[in-house]
Amino acid sequence: MGKLTGSAMEAALAQALAAAKRGEVPVGAVITDASGALIAARGNEVEAKADPMAHAEILALQDASRQLTRKFLSDCTLTVTLEPCVMCAGAIAAFRVNKLVFGSYDPKSGAVEHGPRVFAQASTHHHPEVIGGVRDSECAALLRGFFERLRDA
């Protein structure tokens, strides 16, 4: 996909905004390589695909793996607008992602800093570097606004 201009979180937020416009929960994810080049960028597609596994993280991980023609992403960073759920945290470990950067914390469904804390478990075979809370307020506001509009509809 090429060199990323601006931050990876900006690209993830753009994917989240596009997802919201499609009626999806506004979560966006991007994969960058060690040089910062953008490998994959996706937003949620749960509604469009009628697939509860079509989270932005899963789709971006799959795209990056195909793009790089390898199963492990050990030199890559996943940047996502929301703390990953248990399914996505498991996928991050399975793909052996080097670094996870996320925006908004998710006390209800998050599985990195909340709930099962997947990467803190001894049974998790891969533990990426984790940086949470990047542009937290902006990412959280996008989600809040989306759900407020749903309630008002």
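Atom set for the values below is all heavy atoms of this structure, side chains included, hydrogens, waters and symmetry mates excluded. The model shown is predicted, which means the values in this text are computed figures rather than measured ones.
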### Task
Heavy atoms only: give me the nearest Leu73-Leu61 pair and the separation to one decimal.
CD1-CD2, 3.7 Å
### Task
Look at the side-chain heavy atoms of Ile, Leu, Val, Met, Phe, Trp and Tyr, link any pair under 4.5 Å apart, and say whether Met9 and Leu142 land in one connected group.
yes
### Residue from Ile58, Val27, Val118, Val112 passing side-chain contact (heavy atoms from CB on, under 4.5 Å) with Cys88
Ile58
### Query
Do you reckon Val130 sits in the same ILVMFWY cluster as Ile92, going by side-chain contacts under 4.5 Å, direct or chained?
yes
#### Entry: Separation between CZ of Arg144 and SG of Cys139, rounded to the nearest 0.5 Å
11.0 Å
### Query
To the nearest 0.5 Å, how far apart are OH in Tyr105 and NE2 in His114?
8.0 Å
### Summary
Distance col, row His55:NE2 vs Leu82:CG, nearest 0.5 angstrom, shows 9.5 Å
### Query
Any Lys/Arg nitrogen of Arg42 or Glu57 sitting under 4.0 Å from an Asp/Glu carboxylate oxygen of the other?
no
### Message
What's the separation between atom CD in Glu24 and atom NZ in Lys49, rounded to the nearest 0.5 Å?
### Response
10.0 Å
### Query
For the residue pair Ala40 and Ala60, what are the closest heavy atoms and their distance?
CB-O, 3.5 Å
### Query
If we only count heavy atoms from C-beta on, is the Pro52 to Met87 side-chain gap below 4.5 Å?
no
### Task
Could you check if a side-chain atom of Pro26 sits within less than 4.5 angstrom of a side-chain atom of Leu143, using non-hydrogen atoms only?
yes
### Message
Measuring from atom OG1 of Thr81 to atom CZ of Arg135, what distance do you get when rounded to the nearest 0.5 angstrom?
### Response
11.0 Å
### Main-chain N/O of Val97 paired with His126 side-chain donor or acceptor, under 3.5 Å
yes
### Query
Side chain of Glu113, backbone of Gly132: donor and acceptor closer than 3.5 Å?
no
### Minimum side-chain heavy-atom gap Leu100-Phe119 below 4.5 Å
yes
### Message
Would you compute the distance between atom CD of Gln121 and atom NE2 of His127 and round it to the nearest 0.5 angstrom?
### Response
9.0 Å
### Query
With no hydrogens and no angle check, is any side-chain donor or acceptor of Asn44 less than 3.5 Å from a backbone partner on Ala56?
yes
### Task
Give a yes or no answer on whether the side chain of Thr77 reaches the backbone of Thr32 with a donor-acceptor pair at less than 3.5 Å.
no
### Query
Are Lys99 and Asp75 ion-paired here, with the side-chain N under 4.0 Å from a carboxylate O?
no
### Query
Can you name the closest pair of heavy atoms from Ser104 and Asp136 and give their distance?
CA-OD1, 3.1 Å
### Query
Do Leu78 and Met53 belong together in a cluster built from hydrophobic side chains that touch within less than 4.5 Å?
no
### Query
Do Ile31 and Phe95 share a hydrophobic cluster (ILVMFWY, side-chain heavy atoms under 4.5 Å, transitive)?
yes
### Task
Could you tell me which non-hydrogen atom of Ala16 sits nearest to which non-hydrogen atom of Gly28, and how far apart they are?
CB-N, 3.5 Å
### Message
Is there a continuous path of hydrophobic side-chain contacts, each under 4.5 Å between heavy atoms, that joins Leu59 to Val25?
### Response
no
### Task
Decide side chain to side chain contact (heavy atoms under 4.5 Å, CB included) for Asp106 and Cys85; before the verdict, give the C-alpha distance in whole Å, the side-chain angles of both, and the deciding distance to 0.1 Å.
CA-CA 8 Å; Asp106 187 356; Cys85 69; over 6 Å; no
Would you list the atom pairs, donor with acceptor, under 3.5 Å between side chains in residues 145-153 and any protein atom, with sequence neighbours excluded?
{"residue": "Arg149", "atom": "NH1", "partner": "Gly145", "partner atom": "O", "Å": "3.1"}

### Heavy-atom closest contact (Pro116 atom, Val86 atom, distance)
CG-CG2, 4.0 Å
### Summary
Shortest non-hydrogen pair, Val30 vs Ala8, comes out as CG2-O, 3.5 Å
